[in-house]
Amino acid sequence: MKEKKRYTITAALPYANGPLHLGHLAGAYLPADIFVRYLKSEGNDVAFICGSDEHGAAITLRAKKEGCTPQEIVDKNHTIIKNSFTDFGIHFDIYHRTSSEIHHKTASDFFKTLYNKGSFTKETTEQFFDEEHQQFLADRYVTGTCPKCNSAGAYGDQCEKCGSSLNPTELINPLSTLSGKTPVLKETSHWYLPMNKHEDWLKQWIDKGILDNQQQHNPTEWRKQVIGQCKSWIDNGLQPRSITRDLDWGVKVPVEGGEGKVLYVWFDAPIGYISATKQWASDNGKNWEDFWKDNKTQLIHFIGKDNIVFHGIIFPILLKEHGEFILPTNVPANEFLNLEGDKFSTSRNWAVWVHEYLEELPNRQDELRYVLNAIAPETKDSEFTWKDYQARVNNELVAILGNFVNRSLVLTHKYFEGKVPKIGNTTDYDNEVLRSIPTIQNKVGELIMQFRFRDAQTEAMTLARLGNKYLADTEPWKIFKTDEERVKTILSVSLQICFSLSNIILPFLPATSKKIKTMMGCDKEINLNEGHQLNQPILLFEKVEDDVVEKQIDKLRNSNKNQSNPKAKAMKNEIIFDDFTKLDIRIATILAAEKHPDADKLLKLTVDTGIDVRTIVSGIAEHYKPEDIIGKQVSVLINLAPRKIRGIESKGMILMAEGNQGNLAFVSPEIKIDNGGEVR
RNA sequence: GGCGAGGUAGCUCAGUUGGUUAGAGCGUCGGAUUCAUAACCCGAAGGUCACGAGUUCAACUCUCGUCCUCGCUACCA
């Protein structure tokens, strides 16, 4: 008997700023769901936690743009995301949200506890405030003249001309880069998490799995990329990070001086796991602390690789500093899923959206689960293509799994009116086949516990392959007339395989598992006794026809029919003519070009603008050789504030056109134009 | 540029602490079969394990260097 354990399993909180696509599923939610379904089938005590991350500036900006409240934005997206999960078969114990009251209280209390312990440092500074946009400006959103060297275009944090570090308040004639207006000074303070103080124990923990002198986990079980990235951060030295922001959408900072401030996302969001657990526990008569404060509980975070440092470093610091909480025993981060040769991109609409898939290919959840798990980016980036989807569904689900179950049931109906036949004398071969069932089952379980879900699924499929082989080898259709008793045994064995299959595939293909049990009349109780009546077989999977995948590929490539380039970015907000006239764009000739001495991507150009000869630093070194561009006429934005780039002052900006692949081209006049000619 | 992860059959990927002929699934080709959604089953072909050196009796595996891909980051206004 396996030991029953308690598990808290989290999946990264999706940001409620848009719907879910296949990359999200393959990255975190599907592997988490598979793991949880397996753990539960083994009788473990599991809380599977997720929810919407609903705070942050991006949501307030979107609300402003759409003319509604942030709450309306997150309400809409929370519903879409939640329904996508439900319909797809990702079965959280709770899908919560960070805008809920219990979350605000939990996060707030957590902050207070750490605050009272003196875990934070507080920095009070005068910061610039943009009155038009009603917000504080981060240092680099303020520019002005350097007080030390008098050069223009210094940034709020540093003058790149003389290299001196600055405070934005020291700048002469400061300007907000948001509104272009002069910001006002307002005092503000923020709290910082001094991560540098935690380097020592983190190193031990990541490297050796040792926490407070105890072996907390086995680091060889962690994925290489997770340990690698965490160590890379730690070895480079951790910096204090501010954990509050001047914003009004989020969890209010609950201490003196916290007015008008909220907790920053990576303090707020992971605590969402805790608050969701609390809600779930109170709804279900559980004690949430069992899931977060008992060191026999395994805490496991499923995330994508973009989230590694949050879950491998920052959140563990918060949990440990708090003192009562357990730390994760594993953080199985996946890499990224690509789509038809390109990265998923919301802005370019290069994506397969989960809610659209569910609508356009109804009742094919398990097919998508199977394919996404088969290609899950467990150790490296991987790629989803519709042709591969079609091939896997048709050649594996239909041909191997669906076919085996179907032929077993069809044969039983044909020969024995769909009643489970009596198992007679078994041959060595029968026994060997029967023995391999638990072997495969154990192997699948082991692989799942090692977070090797794609291997586990492949292993599960070997049982269906074995079933097909068993039928092909024993050929019951040939011997029915001569040896009915033998056929009874063969089909009895086949039906046992079918039933075992329904259990083994449960974590991967839950709907299919249920279908098999229903067909076998075993959905309420297991009954494979002689004479048990089976239901009429229905096909588990149907072939995906060419026109279906062609339509999907078409849709992807022509996501906007009237657009000749489907990958072109959407238009920016409308401007008025005055906005345009502020730009002074001229034709200029490149007189000289050389590689920037301390930079890979930069060229130092000398151009004749017709009104002067000036130096411009441009990030085009990967696209043009210096000697090839001398004499070329190009477009230059000449009234852009000068800026020091990697030690060289750049006065203006060369305009470049960018293709889909990131390739660059000059914007040049088609015939020679006098230098200084205006572009308008 | 720095750091991290990769580069293995046409495709998607496994390869544990270096040890005989480098594996799986799909695809391809051939065979067999007809209970089954022209499905299943058997067999074969197919790889200088990115490239170059080195350590070793022995390297896909260890060391160094080079090239390429992805991520983070420094410098693309």
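Numbered from 1 within each chain, the chains take letters A, B, ... in sequence-line order. Being a predicted model, the structure only gives us computed values, none of them experimental.
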Inset, instruction - Could you tell me whether the side chains of Q390(A) and N395(A) share a donor-acceptor contact shorter than 3.5 Å? - result: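 Side chains of Q390(A) and N395(A): no pair found under 3.5 Å.
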In whole angstrom, what separates [X]'s [atom1] from [N]'s [atom2]?
X	N	atom1	atom2	result
E378(A)	A5(B)	CD	P	18 Å
R452(A)	A24(B)	CZ	C1'	12 Å
E484(A)	C35(B)	CD	C1'	15 Å
D306(A)	C72(B)	CG	P	8 Å
M656(A)	C76(B)	CE	P	15 Å
L471(A)	C40(B)	CG	C1'	9 Å
I616(A)	C75(B)	CD1	P	20 Å
L539(A)	C40(B)	CG	P	15 Å

With both distances under 3.5 Å as the test, what is the Watson-Crick or G-U wobble partner of [N]?
N	answer
A59(B)	none
G43(B)	C29(B)
C51(B)	G65(B)
C3(B)	G71(B)
G23(B)	C13(B)

Inset, instruction - Assess whether atom NZ of K595(A) is packed by more than 12 heavy atoms of other residues, nucleotides or ligands within 6.0 Å. - result: yes
Inset, instruction - For the pair D483(A) and R486(A), find out whether any cationic side-chain nitrogen is under 4.0 Å from an anionic carboxylate oxygen. - result: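 Answer for the salt bridge query: no.
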Inset, instruction - Output yes when D366(A) and K515(A) qualify as a salt bridge under the 4.0 Å nitrogen-oxygen rule, no when they do not. - result: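 No, no charged N to carboxylate O under 4.0 Å.
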Side chain of [X] - closest among [options]:
X	options	value
N468(A)	A14(B), C40(B), G71(B)	C40(B)
D473(A)	C41(B), C35(B), G7(B)	C41(B)
R465(A)	C41(B), A5(B), C13(B)	C41(B)
A399(A)	A5(B), C75(B), C40(B)	C40(B)
K469(A)	A74(B), C70(B), C42(B)	C42(B)
I400(A)	C40(B), A36(B), G7(B)	C40(B)
N403(A)	C40(B), A5(B), U34(B)	C40(B)
S232(A)	U12(B), G4(B), C35(B)	G4(B)
K305(A)	A36(B), C35(B), G71(B)	G71(B)
L411(A)	C35(B), U37(B), A5(B)	C35(B)

Counting any heavy atom closer than 4.0 Å, what does [X] reach on the DNA or RNA strands: base, sugar-phosphate only, or nothing?
X	value
V410(A)	sugar-phosphate
S408(A)	nothing
E475(A)	nothing
V309(A)	nothing
S650(A)	nothing
K478(A)	sugar-phosphate
L540(A)	base
Y415(A)	nothing

Legend entry - Heavy-atom check, side chain of L397(A) versus side chain of L509(A), under 4.5 Å: yes
Inset, instruction - Would you kindly compare T379(A) and A391(A) by the position of their nearest RNA chain B nucleotide and give the one closer to the 5′ end? - result: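 Looking at the nearest nucleotide for each, T379(A) comes out on the 5' side.
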Inset, instruction - Determine, stepwise, if the pair F451(A) / R223(A) fulfils side chain to side chain contact (heavy atoms under 4.5 Å, CB included). - result: CA-CA 9 Å; F451(A) 304 102; R223(A) 292 193 177 149; 3.8 Å; yes
Inset, instruction - Tell me whether the OP1 or OP2 atom of A39(B) has a side-chain N or O from N406(A) closer than 4.0 Å. - result: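 N406(A) to A39(B) OP1/OP2: no side-chain N or O under 4.0 Å.
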Inset, instruction - Determine whether the aromatic ring centres of F453(A) and F508(A) lie less than 6.0 Å apart. - result: no
